[in-house]
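Here the structure is a predicted model, which means the values were calculated and not measured. Index from 1, following the sequence.
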Amino acid sequence: MTLAVPSQSSPAHPPAMDHYDRLLAEHYTWMLGGDPAALATAQRAFLADLGVAPGPSGTTAVDLGCGPGHSSLALAGLGFDPVFAVDLSAPLLAELAAQAGGEPAVRTVRSDLRGALPALVRPGSAGVVVCLGDTLTHLPTRGDVAALLGEISHALAPGGRAVLAYRDLTVPLTGTDRFLPVRATENRIMTCFLEYPDDFDDYTVVVHDLVHRRGPDGAWTLHTGSYRKLRLAHAWVLDQCRTAGLRVVHDAPVLAGGMRTVVLER
């Protein structure tokens, strides 16, 4: 059963969710490699290496922007219970529910990220909150990001941890570097193209997703969609974390595509 948490924000949800439900949700697990069990196993090892484990701070975990849920399943595998898996995409939550099977710790929650934490957990009671997969950049404004970090800090127990992963897209890509191959298999090819419009200056980047599918007759069809992401400077995010009362305990080196991973403690 999926819980529904009424949004406390306006607009009702980020525009990116329409893009996910119309295009990306169908391909999301495939984009990541296609094997949900292997993804959950790898994510469990990744989180364990970052020091994420149940302990004195408690066993409640929240996965903000859970998508198809490999991080939620990883948190349950590490011993967290309950694990609130929060997302607005009904198709992705349905996929997670199917994958979770008999795992009682995982509780899917259909909700905007903004306002979800106060509705789900008592202040100072969460052992860990994760917000991975570039979810932060899907929020409508930088003010929403700062507010969410405040909610994370308020939700965490003393000694509780937060793990953030997001892309720093503040330096524009140029030329053919703007074309990013995602994955290609025999019957499906996905490419991402980034556009830096003048109308929002350095505030957003427009993401264009192109998915080629080959049908049973061998003919290829093209499916496309676009949405805006925030451009979040890494230094700015760290400043907002500290302002929210979160101490940086690990700041991983930048990965390909500008992905940053930060571990914070309350």
Side-chain angles (χ1 to χ4, degrees), residues 14-17 19-20 24 28 31-32 42-43 46-47 49-52 63-67 70-71 86-87 113-114 128-153 161-183 190-210 225-265:
M17 288 301 97
H19 177 72
Y20 269 70
L24 282 191
Y28 203 87
M31 286 165 47
L32 299 175
Q43 195 72 347
F46 168 74
L47 292 171
D49 286 345
L50 294 177
V52 174
D63 182 4
L64 295 173
C66 64
H70 56 279
S71 294
V86 182
D87 209 289
L113 271 59
R114 300 164 293 174
V128 66
V129 176
V130 302
C131 188
L132 307 172
D134 208 24
T135 296
L136 282 181
T137 65
H138 289 66
L139 292 173
T141 71
R142 293 175 187 162
D144 289 316
V145 174
L148 181 62
L149 293 172
E151 290 182 354
I152 291 173
S153 179
R161 291 201 161 190
V163 184
L164 310 177
Y166 57 92
R167 286 184 174 86
D168 183 339
L169 298 173
T170 50
V171 178
L173 300 178
T174 60
T176 56
D177 288 342
R178 295 174 295 166
F179 292 86
L180 307 173
V182 178
R183 191 179 180 210
M190 182 171 180
T191 306
C192 176
F193 168 70
L194 302 182
E195 181 184 9
Y196 299 83
D198 293 334
D199 59 339
F200 277 64
D201 297 322
D202 65 345
Y203 203 86
T204 63
V205 59
V206 179
V207 180
H208 303 278
D209 288 320
L210 298 83
S226 303
Y227 67 108
R228 289 183 184 265
K229 277 186 176 181
L230 289 175
R231 295 169 69 183
L232 300 177
H234 184 55
W236 181 88
V237 174
L238 294 184
D239 283 344
Q240 299 305 310
C241 290
R242 296 184 183 103
T243 299
L246 297 166
R247 180 172 63 90
V248 179
V249 296
H250 179 68
D251 184 1
V254 63
L255 298 177
M259 185 66 80
R260 307 298 304 239
T261 300
V262 183
V263 182
L264 307 142
E265 193 169 276

Quiz item: What pair of heavy atoms forms the shortest contact from Trp236 to Val145, and how long is it?
Solution: CZ3-CG1, 3.9 Å
Quiz item: When rounded to the nearest 0.5 angstrom, what is the spacing between CG in Leu180 and CE in Met190?
Solution: 10.5 Å
Exercise. Give the C-alpha distance, both sets of side-chain angles, the deciding distance and a yes or no for side chain to side chain contact (heavy atoms under 4.5 Å, CB included) between Val129 and Leu64.
Key: CA-CA 7 Å; Val129 176; Leu64 295 173; 3.7 Å; yes
Exercise. Determine whether Leu50 and Thr261 make a side-chain contact, defined as any pair of heavy atoms from C-beta on separated by less than 4.5 Å.
Key: yes
Quiz prompt | Exercise: identify the closest heavy-atom pair between Pro140 and Leu230 | solution = O-CD2, 3.6 Å
Exercise. Kindly indicate, with the supporting measurements, whether the criterion side chain to side chain donor-acceptor pair (under 3.5 Å) is fulfilled by Asp144 and Thr141.
Key: CA-CA 5 Å; Asp144 289 316; Thr141 71; 3.0 Å; yes
Practice problem: For the pair Tyr20 and Tyr227, name the ring-plane relationship: parallel under 30°, tilted 30 to 60°, perpendicular over 60°. | Solution: perpendicular
Quiz item: From Leu148 CG over to Leu139 CG, what is the distance, rounded to the nearest 0.5 angstrom?
Solution: 6.0 Å
Practice problem: Measure the shortest side-chain to side-chain distance between Leu232 and Thr170 over non-hydrogen atoms and say whether it is less than 4.5 angstrom. | Solution: no
Quiz item: Between atom NZ of Lys229 and atom OH of Tyr166, what is the distance when rounded to the nearest 0.5 Å?
Solution: 13.5 Å
Quiz item: Say you draw a straight line from CG of Leu113 to CE of Met17; how long is it, rounded to the nearest 0.5 Å?
Solution: 8.0 Å
Practice problem: Applying side chain to side chain contact (heavy atoms under 4.5 Å, CB included), run through Leu169 and Thr137 and close with a yes or a no. | Solution: CA-CA 9 Å; Leu169 298 173; Thr137 65; 5.8 Å; no
Exercise. Please list, chain by chain and in numerical order, all residues satisfying salt bridge (Lys or Arg N to Asp or Glu O under 4.0 Å) with Arg183, sequence neighbours excluded.
Key: none
Exercise. Say whether, by atom type as modelled, one donor and one acceptor occur between the side chain of Ser153 and the main chain of Gly150 under 3.5 angstrom.
Key: no
Quiz item: Closest heavy-atom contact between Pro197 and Val206?
Solution: CG-CG2, 3.8 Å
Quiz item: How about Gln43 and Leu132: do any of their side-chain heavy atoms sit closer than 4.5 Å?
Solution: yes
Practice problem: For residues Gly67 and Asp87, report the shortest heavy-atom separation together with the two atoms involved. | Solution: N-OD2, 2.8 Å
Exercise answer: donor-acceptor pairs, residues 244-260 side-chain atoms, under 3.5 Å, sequence neighbours excluded:
| unit_1 | atom_1 | unit_2 | atom_2 | d |
| --- | --- | --- | --- | --- |
| Arg247 | NH2 | Glu265 | OE2 | 2.7 |
| Asp251 | OD1 | His234 | NE2 | 3.0 |
| Asp251 | OD2 | His234 | NE2 | 3.0 |
| Arg260 | NH2 | His234 | NE2 | 3.2 |

Exercise. Identify, with sequence neighbours excluded, every residue that meets salt bridge (Lys or Arg N to Asp or Glu O under 4.0 Å) alongside Arg142.
Key: none
Self-check item: Rounded distance (nearest 0.5 Å) linking atom CG of Asp134 with atom CG of Leu136
Solution: 8.0 Å
Quiz item: Got a salt bridge between Arg231 and Asp202, using NZ or NE/NH1/NH2 to carboxylate O under 4.0 Å?
Solution: no
Exercise. Rounded to the nearest 0.5 Å, what's the gap from CG on Leu173 to CZ on Phe193? Could you check?
Key: 10.0 Å
Quiz item: Which heavy atom in His208 sits nearest to a heavy atom in Ser226, and how many Å separate them?
Solution: ND1-OG, 2.6 Å
Exercise. List the atom of Leu164, the atom of Cys241, and the distance in Å for their closest heavy-atom pair.
Key: CD1-SG, 3.9 Å
